[in-house]
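All values derive from a computational prediction rather than experimental measurement.
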Amino acid sequence: MKNKFCLLLLAAVLGASPVRAAEWEYGFSGSVSGLYGYSDVAEKFSAYNSHNHGVGDAELGAYAKYIFDGEIEAGLYIDLMFGLNHELEDYNQGKWGEEVYAIVDGPAGRLMAGQTFNAAYQFHVGAPEAGLLGPNNVDVVDFIRNPNWKRRGREAKFATLNSTAINTDGVAAKLTYITPEFYNTMLGFSYVPDSYNRRGLINKDAPYRNKEGYVVSAYNHLDLGFAEMTTSLGFAEFVDIDKEFSAGLSLSRGNWTLGGSWRKTSAEDGDAPLNRKVSDNTPEFFDGYREGYAWDVGLGYEIGPYKASLSYFRSVAENSDNQDEIIAFSNRYQYNKYMDIYLTAAHVNFEGDTAAAADNNRGYAFVAGLSLNF
């Protein structure tokens, strides 16, 4: 039945107009980035933090697509990434990862199959970001440790949500359909046969790791006259895991953008129990994110090659005392089309379920770096 549905959906997209071959198109792009950070934490936490730390990333993407008569495009995409010295080794294979997927675009909408983020994640609207360490990017913990978020080797712990975007399934293989735009609105639907993925929140040893997920989302862009408003809504059900809701809104006027978003997770009686230790790789509160909420708000400014944002992120677990708070001021300057320069200052307050120094952290991080693009 699932395969029949996929074929019918593909036929609907492809069958919307005559198929007459036009041309092939190929391309590739990539980037290399490096960041250096200095952290200053409260004295009781200093034994658990390195004051100086550097990280590196490299990404390479390639595609080949066939364009039919200007109406339909069908392409195959491959993205490769590698990370060095990350606190959270959350690429698909830990320190490195891959995303392989196909996209078919036509008058009836877009069909995506493969390793992609779900529709709600793709539509997500929230606090504006500038640089590499925004409110919905956990990379700030590369420079100032968060005991609530761990992913190294087989061990994974997310006692709290690390994003207001629905990212539980990461880039697990899935099928996504996005409608054409109508009345400034698009709808998206994702089916995830197996929700586990290292770029998501699920522990590999969790009893529900291979369960399916269903995601629906809406995106709207509206000109209000005095400002442009963008909104997003998302709902997901990850079987035996939780139900998730997300909403976001941003207002843009001139060079300024004000935005924020919210996410709620709820594990119900029929779902697997929270925090049940099933192996040595499931630490206490390893899946506390399944009952909690997160929100962010921020203000962004952009002029020419310069972009800045001031943002606030907060995440709370409802069944424990774990919670996170991140305030970040981020800057990006595009020196030319090949180079971007970044500077970020962040204050964090990470609280665990106990008062032990190992379960908490509080302090400042100052990060600078650049990326080279080709």
Next item on the list: Can you sort out the partners of Phe117 under ring-ring contact (aromatic ring centres under 6.0 Å, His included), two or more places apart, ordered by chain and number?
Entry: Tyr121
Notebook entry, point to check: Say you draw a straight line from OG of Ser31 to CG of Leu60; how long is it, rounded to the nearest 0.5 Å?
Noted result: 9.0 Å
Margin query: Would you say that Pro147 contacts Asn361 through its side chain, given a criterion of any heavy-atom pair below 4.5 Å between the two side chains?
Written below: yes
Margin query: Using modelled atom types and a 3.5 Å cut-off, is there a donor and acceptor pairing between side-chain atoms of Asn360 and backbone atoms of Gly352?
Written below: yes
Item checked: Separation between CD of Glu87 and OG of Ser50, rounded to the nearest 0.5 Å -> 10.5 Å
Checklist line | Pairs flagged by salt bridge (Lys or Arg N to Asp or Glu O under 4.0 Å) wherever residues 326-336 is involved - sequence neighbours left out | finding: none
Checklist line | Residues which pass side-chain hydrogen bond (donor to acceptor under 3.5 Å, both in side chains) with Thr185, listed by chain and number, not counting sequence neighbours | finding: Asn220
Checklist line | Cationic N near anionic O, under 4.0 Å, Asp205 to Arg154 | finding: yes
Check: Taking only residues two or more places apart in sequence or in another chain, which ones pass ring-ring contact (aromatic ring centres under 6.0 Å, His included) with Phe123?
Finding: Tyr219
Checklist line | Passing candidate, side chain to side chain contact (heavy atoms under 4.5 Å, CB included) with Leu251, options Leu224, Thr231, Thr257 | finding: Leu224
Note to self: When you compare the side chains of Asn146 and Asp324, does any donor N or O come within less than 3.5 Å of an acceptor on the partner?
What the structure shows: yes
Notebook entry, point to check: Is the backbone N or O of Ala119 less than 3.5 Å from a side-chain atom of Ser190, with the two atoms forming a donor-acceptor pair by type?
Noted result: yes
Item checked: Partners meeting ring-ring contact (aromatic ring centres under 6.0 Å, His included) with Phe245 (sequence neighbours left out) -> Phe235
Notebook entry, point to check: So do Glu98 and Gln115 actually touch side chain to side chain, heavy atoms under 4.5 Å?
Noted result: yes
Check: Would you say the side chain of Leu201 lies within less than 4.5 Å of the side chain of Leu161, judging by non-hydrogen atoms?
Finding: yes
Next item on the list: Mind checking side-chain hydrogen bond (donor to acceptor under 3.5 Å, both in side chains) for Glu325 and listing every partner two or more places apart, or none if nothing turns up?
Entry: Tyr312
Note to self: With a sphere of 6.0 Å drawn around NZ of Lys95, does it hold more than 12 non-hydrogen atoms of other residues, nucleotides or ligands?
What the structure shows: no
Notebook entry, point to check: Just by modelled atom types, is the Gly54 backbone N or O under 3.5 Å from a matching donor or acceptor in the Asn85 side chain?
Noted result: yes
Next item on the list: Please confirm whether the backbone N or O of Leu187 pairs with a side-chain atom of Thr179, one donor and one acceptor, at under 3.5 Å?
Entry: yes
Next item on the list: Enter the distance from Asp296:CG to Ser311:OG here, rounded to the nearest 0.5 Å.
Entry: 7.5 Å
Notebook entry, point to check: At their closest point, which heavy atom of Ala173 faces which heavy atom of Pro193, and how far apart are they?
Noted result: O-CD, 3.4 Å
Margin query: Centre-to-centre under 6.0 Å for Trp96 and Tyr91, is that the case here?
Written below: no
Note to self: Pairing donors with acceptors under 3.5 angstrom, does anything connect the side chains of Arg314 and Gln323?
What the structure shows: yes
Next item on the list: Verify, without hydrogens or angle tests, whether Ser232 (side chain) and Val125 (backbone) share a donor-acceptor contact under 3.5 angstrom.
Entry: yes
Note to self: Surrounding CZ of Arg276 (heavy atoms of other residues, nucleotides or ligands, distance under 6.0 Å), is the total greater than 12?
What the structure shows: no
Checklist line | His86 backbone acceptor or donor facing Asp142 side chain under 3.5 Å | finding: no
Item checked: Other residues, nucleotides, ligands: >12 heavy atoms within 6.0 Å of Tyr36 OH -> yes
Note to self: Could you tell me if Thr282 and Asn203 have a donor-acceptor pair between their side chains, going purely by distance under 3.5 Å?
What the structure shows: no
Notebook entry, point to check: Salt bridge or not for Asp169 and Lys174, using N-O below 4.0 Å?
Noted result: yes
Notebook entry, point to check: For His51, does its backbone N or O pair with a side-chain atom of Asn49 as donor and acceptor, under 3.5 Å?
Noted result: no
Notebook entry, point to check: Do the side chains of Ser330 and Glu129 get nearer than 4.5 Å, heavy atoms only?
Noted result: no
Check: Any side-chain donor paired with an acceptor under 3.5 Å for His124 and Asn167?
Finding: no
Check: Are Glu212 and Asp194 close enough that some pair of their side-chain heavy atoms sits under 4.5 Å apart?
Finding: no
Checklist line | Linked hydrophobic residues, Phe285 as query - side chain contacts closer than 4.5 Å | finding: none
Margin query: If hydrophobic clusters are built by linking Ile, Leu, Val, Met, Phe, Trp and Tyr wherever their side-chain heavy atoms come under 4.5 Å apart, do Trp256 and Tyr306 end up in the same one?
Written below: yes
Check: For Asp280, does the CG atom sit with more than 12 other heavy atoms under 6.0 Å from it, leaving out its own atoms?
Finding: no
Notebook entry, point to check: For Ala120, what residues pass the side chain to side chain contact (heavy atoms under 4.5 Å, CB included) criterion, not counting sequence neighbours?
Noted result: Asn118, Ile166, Val215, Ser217
Note to self: Starting from Val100, can I reach Ile103 by hopping between I/L/V/M/F/W/Y residues whose side chains sit under 4.5 Å apart?
What the structure shows: no
Margin query: With a 4.0 Å cut-off on N to O distance, would you call Asp90 and Arg151 a salt bridge?
Written below: no
Checklist line | For Thr354, the option from Asp359, Asn322, Asp321 that meets side-chain hydrogen bond (donor to acceptor under 3.5 Å, both in side chains) | finding: Asp359
Checklist line | Set of residues satisfying ring-ring contact (aromatic ring centres under 6.0 Å, His included) with respect to Tyr63, sequence neighbours excluded | finding: Tyr77
Check: Does Phe286 have its ring centroid less than 6.0 Å away from the ring centroid of Phe158?
Finding: no
Check: Do other residues, nucleotides or ligands put more than 12 heavy atoms under 6.0 Å from the OH atom of Tyr335?
Finding: no
Note to self: What's the separation between atom OH in Tyr208 and atom OH in Tyr196, rounded to the nearest 0.5 Å?
What the structure shows: 11.5 Å
Checklist line | Trp149 vs Thr160, side chain to side chain donor-acceptor pair (under 3.5 Å): CA-CA, chis, key distance, verdict | finding: CA-CA 7 Å; Trp149 303 340; Thr160 55; 2.9 Å; yes
Check: Distance from Phe238 atom CZ to Ser195 atom OG, nearest 0.5 Å?
Finding: 5.5 Å
Check: Would a distance-only check, ignoring hydrogens and angles, find a side-chain to backbone donor-acceptor pair under 3.5 Å from Asn148 to Glu351?
Finding: yes
Note to self: Counting C-beta onward and ignoring hydrogens, is there a side-chain heavy-atom pair between His221 and Glu228 closer than 4.5 Å?
What the structure shows: yes
Notebook entry, point to check: Heavy-atom distance under 4.5 Å between the side chains of Lys264 and Trp262, does that happen here?
Noted result: yes
Note to self: For residues 30-44, which residue pairs pass the salt bridge (Lys or Arg N to Asp or Glu O under 4.0 Å) check, not counting sequence neighbours?
What the structure shows: none
Item checked: Residue pairs involving residues 238-257 (criterion salt bridge (Lys or Arg N to Asp or Glu O under 4.0 Å); sequence neighbours excluded) -> Lys211-Asp240, Glu237-Lys243, Lys243-Glu268, Glu244-Arg263
Notebook entry, point to check: Can any side-chain N or O of Thr265 pair as donor or acceptor with the backbone N or O of Tyr289 at less than 3.5 Å?
Noted result: yes
Next item on the list: Could you grab the distance from atom OG1 of Thr344 to atom CG of Leu35, nearest 0.5 Å is fine?
Entry: 8.0 Å
Item checked: Within-4.5 Å side-chain heavy-atom neighbours: Val171 and Thr116 -> no
Tell me which donor-acceptor pairs under 3.5 Å the side chains of residues 362-374 have, and how far apart each pair is, sequence neighbours excluded?
{"unit_1": "Ser371", "atom_1": "OG", "unit_2": "Tyr342", "atom_2": "OH", "d": "3.1"}
{"unit_1": "Asn373", "atom_1": "ND2", "unit_2": "Asp340", "atom_2": "OD2", "d": "3.2"}

